[in-house]
2 protein chains.
Amino acid sequence: MESVGNTKGRRERLRSETTAEIKKVALELMASGGPDAITLRAIAREMGMTANAIYGYFATRDDLVTTLINNVYTSLADTVDAAWDAAPAQDPAVRIQAWARAFRDWALANPEGFRLIYGDPVPGYRPPEGGAAPEAARRVCTGITALAAAAWPHAELRYSDGDFEWSDFDLGLLDKVRPAFPDLPPAAVALALRIWSHLHGLVSLEIYGHLQTQALSPEKLFREELAQLIRSLDIPPQS
Amino acid sequence: MESVGNTKGRRERLRSETTAEIKKVALELMASGGPDAITLRAIAREMGMTANAIYGYFATRDDLVTTLINNVYTSLADTVDAAWDAAPAQDPAVRIQAWARAFRDWALANPEGFRLIYGDPVPGYRPPEGGAAPEAARRVCTGITALAAAAWPHAELRYSDGDFEWSDFDLGLLDKVRPAFPDLPPAAVALALRIWSHLHGLVSLEIYGHLQTQALSPEKLFREELAQLIRSLDIPPQS
DNA sequence: TACATAAACTATACGGCGTGAAGTATTTAT
DNA sequence: ATAAATACTTCACGCCGTATAGTTTATGTA
């Protein structure tokens with residue numbers, strides 16, 4: 001009965017350490033060999049265990065992948081949130097740029113993670129219904145909504161039409177967005193989603209190499225995209 | 001020595017028929033079970049053959065997938081090209097809309113094909129260096145360049161800066177683009193690529209379901225994106 | 001028409017994968 | 001000291017791509 005104080009906690013500690021090592025090794029395998037390299041057998045081999053031992057920690061391989069996705073997605077969300085917070089609140093243009101650059105930089109630094117999150121990452125893997133991944137997705141989207149909200153006072157005139165309604169959007173998203181930005185109309189959320197798709201689209205093409213056969217300087221293209229984005233939001237300089 | 005006239009051609013014909021059937025079955029499997037379902041054994045099973053028999057037609061599974069990608073990519077390129085040609089040349093806005101809608105409609109009708117082309121389609125598959133896929137990619141990109149070229153007279157003022165140079169783009173692309181549009185500056189190609197990334201990004205998010213946890217009406221979002229795109233190109237109505 | 005040849009296909013096998021069932025050793029709790 | 005829980009292994013099954021060798025069938029030539 002836990003006489004010393006850590007007798008009971010020992011197994012638990014070992015257990016969480018092993019869990020952490022499994023995830024660590026899986027991420028290393030992913031980094032070196034792509035998402036396809038995440039196999040229970042390879043992880044076990046790396047750890048000097050049997051593949052079946054992992055079943056004591058994760059019910060299936062998909063469960064492990066789901067956990068990894070959650071971790072990676074959270075890391076992305078943390079990164080872009082931090083960049084947003086670090087940028088000066090007075091200047092929306094700078095802030096938006098900071099957010100977008102953080103997103104692209106993260107993707108370029110973690111291409112495998114990007115594919116894990118946004119691609120068809122692992123052979124046969126299908127994401128579960130709920131869980132932390134949609135949560136993190138909404139967190140990222142909320143970040144963009146903050147971005148759109150910061151620009152909305154200036155951009156409103158240009159984007160206020162389009163007859164969007166609240167019912168056009170996912171409730172799980174709105175539950176996060178509306179309390180945070182009570183005055184934002186549906187059109188602003190639509191704008192946020194479109195900004196999101198622009199950034200995602202360009203970075204996605206770059207990460208997957210589909211841009212490579214066309215543009216040799218994705219950086220320049222991204223810079224131009226950002227410049228046009230900010231211009232299209234009608235943000236006055238030094239707001 | 002081909003005495004009758006078709007004696008020699010028979011084997012060849014049977015061969016090409018079998019090749020066609022392999023591709024057909026593979027595409028059916030992909031349509032029903034996703035890109036992961038493309039396995040030599042499943043194809044052979046469906047055809048009443050041994051998996052190894054396929055090696056007489058395709059050197060490896062990756063070779064088969066590459067061929068499929070080429071076929072599917074070509075079908076996409078044909079579709080958008082046809083939509084472009086069918087739209088009235090006098091009205092760039094309508095033409096651009098036709099192109100974009102054709103792209104999205106094709107993607108929605110062939111989601112598995114879309115993933116095959118633009119995703120991380122099949123376990124462990126890595127595309128070869130050259131081949132028809134980059135070719136088709138450039139064909140699609142050329143289509144967008146035509147789109148940008150049609151709008152350039154009006155959009156020039158807004159996008160002519162950005163200090164792009166020809167060296168920023170892939171030679172294989174420029175070889176197709178520059179002869180077709182001799183007067184187009186580098187900035188217009190950059191604009192084309194950005195338009196491409198916008199459309200691709202939105203459709204990609206929709207196809208992969210990453211939009212589902214956020215927007216319930218991708219159609220409306222796409223319509224708005226198109227409207228803003230055309231507006232941002234400064235195309236006067238009824239040009 | 002007989003025969004050599006080439007093509008199409010099968011059989012067998014290897015290693016890798018996820019995973020289920022059963023067994024073993026070690027640690028913990030009573 | 002003993003019973004229970006935990007961590008892990010062993011074995012097995014069916015899936016995969018693919019290499020090698022063997023077999024059947026169609027073809028071109030003498």
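Remember, predicted model here, so these are calculated numbers, not experimental data. Throughout, protein chains are lettered first and strands after them, A, B, ... in sequence-line order, and every chain is numbered starting at 1.
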Check whether any side-chain heavy atom of A/Trp99 lies under 4.5 Å from a side-chain heavy atom of A/Ile144, and answer yes or no. yes
Determine: side-chain N/O of A/Arg45 to OP1/OP2 of C/dC17, distance under 4.0 Å, yes or no. yes
Without decimals, in angstroms, what is the distance between A/Ile54 CD1 and C/dG20 P? 14 Å
At 4.0 Å (heavy atoms only), tell me whether A/Thr50 reaches a base, stays on the sugar-phosphate, or touches nothing. base
Residue-phosphate contact under 4.0 Å: B/Arg15 side-chain N/O, C/dA8 OP1/OP2: yes
Send over the distance from B/Arg61 CZ to D/dC15 C1', rounded to a whole Å. 14 Å
How would you label the contact of B/Thr60 with the nucleic acid (heavy atoms, under 4.0 Å): base, sugar-phosphate, or nothing? sugar-phosphate
Just the rounded figure in Å: distance from C1' of D/dT24 to CE of B/Met49. 15 Å
Given atom CG of A/Asp36 and atom C1' of D/dC16, what is their separation to the nearest angstrom? 14 Å
Whole-Å gap separating C1' (D/dA5) and CG (A/Leu14): 15 Å
Report yes or no: is there a donor-acceptor pair, N or O only, under 3.5 Å between the side chain of A/Asn52 and the base of C/dG18? no
Residue pairs passing the side-chain hydrogen bond (donor to acceptor under 3.5 Å, both in side chains) test with at least one member in residues 21-31 of chain B, sequence neighbours excluded, are B/Lys23-B/Asn71
Over how many whole Å does the gap from A/Leu29 atom CG to C/dG16 atom P extend? 15 Å
By nearest-heavy-atom nucleotide on DNA chain D, the more 5' of A/Ala53 and A/Arg41 is A/Ala53
Just jot down the side chain to side chain contact (heavy atoms under 4.5 Å, CB included) partners of B/Ser217, sequence neighbours excluded, or say none. A/Asp168, B/Lys220
Round to the nearest Å and state the distance from A/Arg13 atom CZ to C/dT28 atom P. 10 Å
Does any part of the side chain of A/Leu64, heavy atoms only, come nearer than 4.5 Å to the side chain of A/Tyr57, both counted from C-beta? no
Classify A/Tyr57 by what it touches in the nucleic acid, base, sugar-phosphate, or nothing, heavy-atom distance under 4.0 Å. sugar-phosphate
For the residue pair B/Val189 and B/Arg178, establish whether any side-chain heavy-atom pair is separated by less than 4.5 Å. no
Could you tell me how far apart A/Tyr55 (OH) and D/dC11 (P) are, to the nearest whole angstrom? 18 Å
Which sits closer to the 5' end of DNA chain C, A/Leu40 or B/Gly48, going by the nucleotide each is nearest to? B/Gly48
